[in-house]
Number of protein chains: 2
Amino acid sequence: MSNSISSERRSGEETRSQILSIALKFFIEKGYESTSIRDIAEALGMTKSSLYYHFRSKEEILINLIQLRYAQLEELLEWLDNQPMAPDLLERTAHRWIDCTTIERLQVMILAHTNQPVILRLRETGQDIRSGFQDIINRFVDNNSSAEARLLVRMTLDTISAALSASRGTNIDFSEILNVARQTASVLSNLAVGAISADHRQSS
Amino acid sequence: MSNSISSERRSGEETRSQILSIALKFFIEKGYESTSIRDIAEALGMTKSSLYYHFRSKEEILINLIQLRYAQLEELLEWLDNQPMAPDLLERTAHRWIDCTTIERLQVMILAHTNQPVILRLRETGQDIRSGFQDIINRFVDNNSSAEARLLVRMTLDTISAALSASRGTNIDFSEILNVARQTASVLSNLAVGAISADHRQSS
DNA sequence: GTCTATATTTCGATAGAC
DNA sequence: GTCTATCGAAATATAGAC
């Protein structure tokens with residue numbers, strides 16, 4: 001409300017993003033519950049109270065981090081809605097998703113992966129945390145599809161998580177994870193499309 | 001030390017296994033850190049103090065649960081050491097692992113999957129928590145192998161985790177998860193063996 | 001925007017009676 | 001083997017000075 005909003009805003013936003021960055025690091029390494037506000041504050045050379053100026057609660061920090069994920073998921077959904085259905089559409093969708101994955105988003109995926117209980121709890125208490133791939137999955141299968149087909153479609157779209165999970169504790173780097181995720185998506189999409197076709201043959 | 005040890009022992013062991021069972025359920029649903037000793041005790045109709053008679057600490061409960069996993073991993077390793085190396089050995093190893101997976105062990109895998117930070121911390125503080133597949137993976141690749149080959153072997157052996165993770169939030173059942181894990185292991189083992197062969201061609 | 005000081009709660013764990 | 005009572009530590013969060 002003063003005439004120096006811009007500069008005040010700037011430094012405020014910088015501190016905010018530093019907090020998010022450190023919090024992401026701790027939440028991945030130690031887990032959300034084992035990371036205290038104090039851990040985050042002290043790593044930034046400030047006190048707990050200062051941190052509460054920027055975020056109302058610890059949950060709000062987590063929610064901010066998680067939501068970074070959805071903008072790109074919606075872009076992918078918009079792209080998908082403009083594609084004609086084709087046998088290789090699932091594979092192309094998975095590849096498109098992998099190709100637009102940056103190292104920052106990969107870290108958010110690790111966060112979501114290593115803190116499933118609290119994220120599930122937030123979702124149940126009505127926070128704005130949507131479940132990731134559901135809308136995209138529904139483009140390929142429905143509730144009449146076999147469990148096999150539904151699961152294979154999910155796995156095809158989520159090979160990054162599978163590669164990430166398998167790479168835990170190793171020094172395998174970012175680009176290699178995406179490379180392997182790509183290969184895996186290709187072979188899994190074949191299995192998925194086969195299962196979907198089998199469903200259709202059975203229902204006709 | 002009395003002459004009624006057997007009956008006393010019996011009821012003690014039963015309480016112990018009830019505690020482990022409830023703790024497993026809570027650790028999966030709420031996460032280890034968000035589950036209090038009180039949660040576990042009250043679910044069993046007892047107090048916190050009574051629980052401390054059976055387990056020294058909350059950590060000890062978790063460690064007991066995690067260790068249920070290793071007996072069968074060692075059986076698999078012993079079987080593997082008696083097999084001659086063959087191109088399809090990786091696939092057969094993965095299938096053997098999947099085929100001996102009970103629903104109880106699947107739950108322990110979910111536990112390990114949803115509580116990675118604390119399990120990693122226990123391992124670092126010298127508790128007897130070994131990392132799962134490392135010994136088995138080393139039978140197929142070494143540090144000279146490409147990152148691609150190493151990661152693909154890991155993923156081939158860990159398709160249960162991938163299928164489990166993808167099935168979160170759905171009602172897809174146990175047998176279908178194992179079925180899909182089997183199919184996935186087959187196609188991934190082909191990729192892995194291809195990558196290993198490529199390594200050998202390059203080094204010779 | 002950052003600080004000191006503190007309120008409030010909850011946790012893991014122990015002591016000791018029965 | 002289970003209980004009541006309690007300790008001490010650490011957590012989230014707030015109030016108010018600067």
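All values reported here derive from a predicted model rather than from experimental measurement. Proteins come first, then strands; the chains are lettered A, B, ... in the order of their sequence lines, and each starts at number 1.
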Donor-acceptor contacts under 3.5 Å from residues 40-52 of chain A side chains, at least two apart:
residue	atom	partner	partner atom	Å
E42(A)	OE2	R38(A)	NE	3.1
T47(A)	OG1	S50(A)	OG	3.3

Which side-chain N or O atoms in residues 21-30 of chain A pair as donor and acceptor under 3.5 Å with protein atoms at least two apart or in another chain?
residue	atom	partner	partner atom	Å
K30(A)	NZ	D39(A)	OD2	2.9

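Residue F174(B) comes nearest to I103(B) through the heavy atom pair CZ-N, 3.4 Å, listed as atom of the first residue, atom of the second, then distance. Residue I98(B) comes nearest to A185(B) through the heavy atom pair CD1-CB, 4.1 Å, listed as atom of the first residue, atom of the second, then distance. Closest of all the heavy-atom pairs between T156(B) and T159(B) is O-CG2, 3.5 Å. What you find for L65(A) and V108(A) is that their closest heavy atoms are O-CG1, 3.6 Å. Nearest heavy atoms, I110(B) versus L164(B): CG1-CD1, 3.6 Å.
Between dT2(D) and T47(B), no contact under 4.0 Å exists linking OP1 or OP2 to a side-chain N or O. Contact check, S50(A) against dC3(C): a side-chain N or O comes under 4.0 Å of OP1 or OP2. The side chain of Y53(B) contributes no N or O atom lying less than 4.0 Å from OP1 or OP2 of dT2(D).
Using a 4.0 Å heavy-atom criterion, one finds that S49(B) contacts the bases of the nucleic acid, with or without backbone contacts as well. S34(A) comes within 4.0 angstrom of nothing in the nucleic acid, heavy atoms only.
Rounded to whole angstrom, the span from the CZ atom of R56(A) across to the C1' atom of dT14(D) amounts to 14 Å. Rounded to an integer number of Å, the gap from L51(A) CG to dT2(C) P is 10 Å. Between the CZ atom of F55(B) and the P atom of dG12(C) there is a distance of 15 Å, rounded to whole Å. A straight line from CD of E33(A) to P of dA10(D) spans 18 Å, rounded to a whole angstrom. Across the protein-nucleic acid pair, I37(A) atom CD1 and dT12(D) atom P stand 5 Å apart, rounded to whole Å. Rounded to whole angstrom, the span from the CZ atom of R38(B) across to the C1' atom of dT4(D) amounts to 14 Å. Computed from coordinates, the K48(A) NZ to dT4(C) C1' distance equals 11 Å when rounded to whole Å.
DNA chain C lies under 4.0 Å from no heavy atom of any residue of residues 59-66 of chain B. The stretch residues 19-31 of chain B does not touch DNA chain C, since none of its heavy atoms comes less than 4.0 Å from the strand. Annotation: proximity of residues 39-46 of chain B to DNA chain C (heavy atom, distance under 4.0 Å) is found for no residue.
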Item to complete: Kindly indicate, with the supporting measurements, whether the criterion side chain to side chain donor-acceptor pair (under 3.5 Å) is fulfilled by S189(B) and H95(B).
Response: CA-CA 10 Å; S189(B) 71; H95(B) 281 182; over 6 Å; no
Practice prompt. Starting from the C-alpha separation in whole Å, work towards a yes-or-no answer on side chain to side chain donor-acceptor pair (under 3.5 Å) for Q134(A) and R154(A).
Written response: CA-CA 9 Å; Q134(A) 195 56 55; R154(A) 280 173 172 271; 2.7 Å; yes
Worksheet item: K58(A) and Y32(A): side-chain contact (heavy atoms from CB on, under 4.5 Å), yes or no, with the steps?
Response: CA-CA 9 Å; K58(A) 188 176 155 186; Y32(A) 173 78; 3.5 Å; yes
Discussion item. Show, in sequence, the C-alpha distance, side-chain angles and deciding distance for Q183(B) and N179(B), and conclude whether the side chain to side chain donor-acceptor pair (under 3.5 Å) test is met.
Written reply: CA-CA 7 Å; Q183(B) 295 183 44; N179(B) 166 35; 3.3 Å; yes
Worksheet item: Under the side chain to side chain donor-acceptor pair (under 3.5 Å) criterion, do S34(B) and E33(A) qualify, and how do the steps go?
Response: CA-CA 7 Å; S34(B) 293; E33(A) 321 280 354; 2.9 Å; yes
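Of the listed nucleotides (dC11(C), dT14(D), dA11(D)), dT14(D) has the atom at the smallest distance from the side chain of Y52(A). In this structure, of dG12(C), dT12(D), dG1(C), it is dG1(C) that holds the atom nearest to the side chain of H54(A).
Cation-pi contact between R139(A) and W79(A): absent, since separation from the ring centre below 6.0 Å together with deviation from the ring axis within 45° is not met.
Taking five base pairs at each end of the helix from dG1(C)-dC18(D) to dC18(C)-dG1(D) and finding the rotation axis that steps the C1' atoms of four pairs onto the next four gives two axes whose angle is 0°, to the nearest 10°.
Residues R150(A) and D142(A) are not paired through a salt bridge, judged by the lack of any N-O separation under 4.0 Å between the basic side chain and the carboxylate.
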